[in-house]
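First the structure, in the form of structure tokens, and then the observations on it.
The figures here come from the full heavy-atom set of this structure, side chains too, leaving out hydrogens, waters and symmetry mates. Throughout, residue positions are numbered sequentially from 1 according to the sequence presented.
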Amino acid sequence: MSEGASGAGATVDANSWGWRHSGRRRFAVSDLTLRIETGDRVLLLGASGSGKSTLLHALAGVLGGEEEGEQRGALLVNGDIPGSARGEVGLVLQDPDSQVILARVGDDVAFGCENIGVPREEIWRRVSNALDMVGLNLPLDHATSSLSGGQKQRLALAGVLAMQPSLLLLDEPTANLDPEGVREVRESVGRVLAHTECTFIVIEHRVKIWQDLVNRVIVLGADGGVLADGTPSEVLMAESLALTEAGIWVPGIAHSLPARPPRPAPQTALLHTENLTIVRARDVIVAEKIDLIVPAASAVLITGPNGAGKSTLALTLAGLLQPGAGRVVANSVLAGGAGTDPIRWKSRQLLSRVGTVFQDPEHQFVAGTVRGELAVGPKALGLSPVLVQSRVDDLLGRLRLDHLAEANPFTLSGGEKRRLSVATVLATQPQLLVLDEPTFGQDFRTWQEIVALLHELIDAGTTVVAVSHDSEFVDAVADYDFHLNGHDAPHSVRMVRS
């Protein structure tokens, strides 16, 4: 083990353990009995909503107390209640940006050590070791704001390693990353596992990324308990059919992708840009010279590396960010008398014209229940109670959220939150749908359902603009692939549908 890289491994014991958030009718995890031995490297699988993230948050001691939910059975780390020993468990989450705390790389990695009382001289030795371990060879005063998504995830990993945890938990750490970022994070984790003794658990829907780095695969059942548990070869080969039916992306299995229905070539542009410059906060230029046509009743996918400005472009097209230069122009059908510049539209005008799904689903939740969340938009449009209820009930069923109707949106799993965020904008039936990473956190079954739903919407006349790193999603949905390369780099458009 590299000096200062990690503590000794941890054991995990679950004895008929379960957890239910307040307001939820059923347990997110139930009847879970298993033992993870010191030094095990585990890939944790399961359908969307099976409780994978709930388990990891419980192990990290951040799930909440009795006021936030109900626990059954026992869950122990090294024989103690999770969270009883500070720094014993390290958790890395999905969103790279949400885990950056301080402005400089060194300070950010040191933050956790400072909070658990590591002596100052020891902190900086650990910081250097951790940065070396994840391959982030940057000056300690390097600005965290300039890091790519993959670098931010490696920074988060370094911050956790510096605390020398005995249990390392990764909750879909590559979900929001481009292929290069995925490679960076996987290689960094590989180096960590080769030089440490920590027990390791990773959640990931895309099995292929991690299967060579683990010695055990545990699959949680959608209705509780463990569906499968064994070595990667045992579980992925012997249980491949059951796993596929449960929505797991099993390597080597030919998953049936939804066929793109034939559609006539678009005749008109719903939206277009004219020499557009997009900017982030404080007028920082992200990309320039963007000339993009969004044809009506089609799907335009925005792709490109992390940091190229994909989300910024999507929000600018949606009328939520002011262009740095140039224009976003809506045609007369979309504008409907509101003017041709979406950035000048009032919120009520945007509501019925453009529906935006943000990269972080929680950024758009405002109600106390899933049902209430879906009703916000239709009520703002002044629809009748009967029509509001009809739309809400339809979306609850189509996106497998009906059993969560009375749950608090913030207690949902990552995949469930994503489906709810999509449903909230569909409830107002906008002409243009702007989606930022709509498939992250989805198992194969719910991924298929989102794709099928978008096909239906496009065929019915809705126009879709989506940001995605998911190549299967691009192939399944896109009519056009607009590849954004960032500042001072040419952009390109590829017709996906011939």
Problem set entry | Heavy-atom closest contact (Pro165 atom, Cys198 atom, distance) | O-CB, 3.8 Å
Exercise. So Trp19 and His21, would you call those rings parallel, tilted or perpendicular, with 30° and 60° as cut-offs?
Worked result: perpendicular
Exercise. Considering all heavy atoms of both residues, which atom of Val434 and which atom of Ala318 are nearest to each other, and what is their separation?
Worked result: CG2-CB, 4.0 Å
Exercise. Just by modelled atom types, is the Phe200 backbone N or O under 3.5 Å from a matching donor or acceptor in the Arg41 side chain?
Worked result: no
For this session: Using modelled atom types only, decide if a donor and an acceptor are shared between the side chain of Asp229 and the backbone of Ile218 within a distance under 3.5 Å.
Result: no
Problem set entry | Residue pair Gln442, Thr439: steps toward the side chain to side chain donor-acceptor pair (under 3.5 Å) verdict | CA-CA 6 Å; Gln442 301 304 312; Thr439 59; over 6 Å; no
Problem set entry | Audit row: Asn15, Asp13, side-chain contact (heavy atoms from CB on, under 4.5 Å) steps and yes/no | CA-CA 7 Å; Asn15 184 11; Asp13 287 286; over 6 Å; no
Problem set entry | Close side-chain approach of Leu387 to Pro378, heavy-atom, < 4.5 Å | no
Problem set entry | Asn306/Ser148 under side chain to side chain donor-acceptor pair (under 3.5 Å): CA gap, chis, key distance, verdict | CA-CA 6 Å; Asn306 282 103; Ser148 69; over 6 Å; no
Problem set entry | Validation row: Val189, Leu168 side chains within 4.5 angstrom (heavy atoms) | no
For this session: Evaluate side chain to side chain donor-acceptor pair (under 3.5 Å) for Glu172 paired with Gln94, printing each intermediate quantity in order.
Result: CA-CA 5 Å; Glu172 294 200 69; Gln94 294 177 351; 3.2 Å; yes
For this session: Report yes if the side chains of Asp40 and Ile201 come closer than 4.5 Å at any heavy-atom pair, otherwise no.
Result: no
Exercise. Rounded to the nearest 0.5 Å, how far does CZ of Arg72 lie from OG of Ser16?
Worked result: 10.5 Å
Problem set entry | Whether Thr369 side chain and Asn408 backbone form a donor-acceptor pair below 3.5 Å | no
Exercise. Can you find a pair of side-chain heavy atoms, one from Thr174 and one from Trp210, that are under 4.5 Å apart?
Worked result: yes
Problem set entry | Ile81 CD1: over 12 foreign heavy atoms closer than 6.0 Å | no
For this session: Side-chain contact test, heavy atoms from C-beta onward, threshold under 4.5 Å: evaluate it for Phe27 versus Glu70 and give yes or no.
Result: yes
Exercise. Counting only heavy atoms not in Asp223, do more than 12 fall under 6.0 Å of its CG?
Worked result: no
Seminar exercise, completed: CD (Gln322) and CD1 (Ile343) are apart, to the nearest 0.5 Å, by 5.0 Å
Problem set entry | Distance, nearest 0.5 Å, that separates OG of Ser413 from CG of Leu404 | 8.0 Å
Exercise. Taking Ser298 for the side chain and Pro295 for the main chain, is one N or O donor matched with an acceptor at less than 3.5 Å?
Worked result: yes
For this session: Output, in order, the C-alpha distance, side-chain angles, deciding distance and verdict of side chain to side chain donor-acceptor pair (under 3.5 Å) for Glu373 and Gln364.
Result: CA-CA 9 Å; Glu373 194 69 52; Gln364 62 196 93; over 6 Å; no
Exercise. Is there a donor-acceptor pair under 3.5 Å between the side chain of Lys379 and the backbone N or O of Pro385?
Worked result: no
Exercise. Under 3.5 Å, side chain of Gln153 to main-chain N/O of Gly149, donor-acceptor pair present?
Worked result: no
Problem set entry | Atom pair NE2 (His363) and OG1 (Thr356), whose distance is rounded to the nearest 0.5 Å | 14.5 Å
Problem set entry | Sidechain N-carboxylate O distance under 4.0 Å for Arg206, Glu472 | yes
Exercise. How far apart are the closest heavy atoms of Ala423 and Leu399, and which atoms are they?
Worked result: CB-CD1, 3.5 Å
Problem set entry | Any donor-acceptor pair under 3.5 Å from His455 side chain to Ala476 backbone | yes
Exercise. Should Arg216 and Ile36 be marked as a side-chain contact (heavy atoms from CB on, under 4.5 Å) after you check the CA-CA gap, both sets of side-chain angles, and the distance that decides it?
Worked result: CA-CA 9 Å; Arg216 186 174 175 187; Ile36 297 175; 4.0 Å; yes
Exercise. Does the pair Leu426 and Leu433 meet the rule for a side-chain contact (heavy atoms from CB on, under 4.5 Å), with working shown?
Worked result: CA-CA 8 Å; Leu426 294 180; Leu433 191 59; 3.7 Å; yes
For this session: May I have all residue pairs that pass salt bridge (Lys or Arg N to Asp or Glu O under 4.0 Å) and include part of residues 440-469, sequence neighbours excluded?
Result: Arg263-Asp459, Arg398-Glu456, Arg400-Glu449
For this session: For Leu177 and Gly150, work out which heavy atoms get closest and say how close.
Result: CD2-N, 3.6 Å
For this session: Provide the closest heavy-atom pair for Asp171 versus His57 in the form atom of the first, atom of the second, distance.
Result: OD2-CE1, 3.9 Å
For this session: Would you indicate whether the side-chain heavy atoms of Leu374 and Arg391 approach each other to under 4.5 Å?
Result: no
Problem set entry | Side chain Arg353, main chain Pro342, donor-acceptor under 3.5 Å | no
For this session: Decide yes or no for Arg418 and Val357: does some side-chain heavy atom of the first lie under 4.5 Å from some side-chain heavy atom of the second?
Result: yes
For this session: Supply the atom-to-atom distance Leu420 CG to Phe410 CZ, rounded to the nearest 0.5 angstrom.
Result: 10.0 Å
Exercise. What pairs meet the salt bridge (Lys or Arg N to Asp or Glu O under 4.0 Å) rule with one or both residues in residues 299-315, with sequence neighbours excluded?
Worked result: none
Exercise. Counting N and O atoms only, with roles assigned by atom type, does the side chain of Thr340 sit under 3.5 Å from a partner on the main chain of Ala335, one being a donor and the other an acceptor?
Worked result: no
Exercise. Is the backbone of Leu292 close enough, under 3.5 Å, to the side chain of Thr273 for a donor and an acceptor to pair up by distance?
Worked result: yes
Seminar exercise, completed: Result for side chain to side chain contact (heavy atoms under 4.5 Å, CB included) between Phe358 and one of Leu435, Leu320, Asp436 points to Leu320
For this session: Check the surroundings of atom CZ in Arg327: do more than 12 heavy atoms from other residues, nucleotides or ligands lie under 6.0 Å from it?
Result: yes
For this session: Evaluate the criterion side-chain contact (heavy atoms from CB on, under 4.5 Å) for residue pair Leu32 and Leu220; output intermediate values, then yes/no.
Result: CA-CA 8 Å; Leu32 181 64; Leu220 299 187; 3.7 Å; yes
Exercise. What's the shortest heavy-atom distance between Pro305 and Asp178, and which atoms?
Worked result: CA-OD2, 3.1 Å
Exercise. To the nearest 0.5 Å, what is the distance between OG1 (Thr463) and CG (Asn331)?
Worked result: 8.5 Å
Problem set entry | Side chain to side chain, Asp107 and Phe111, heavy atoms closer than 4.5 Å | no
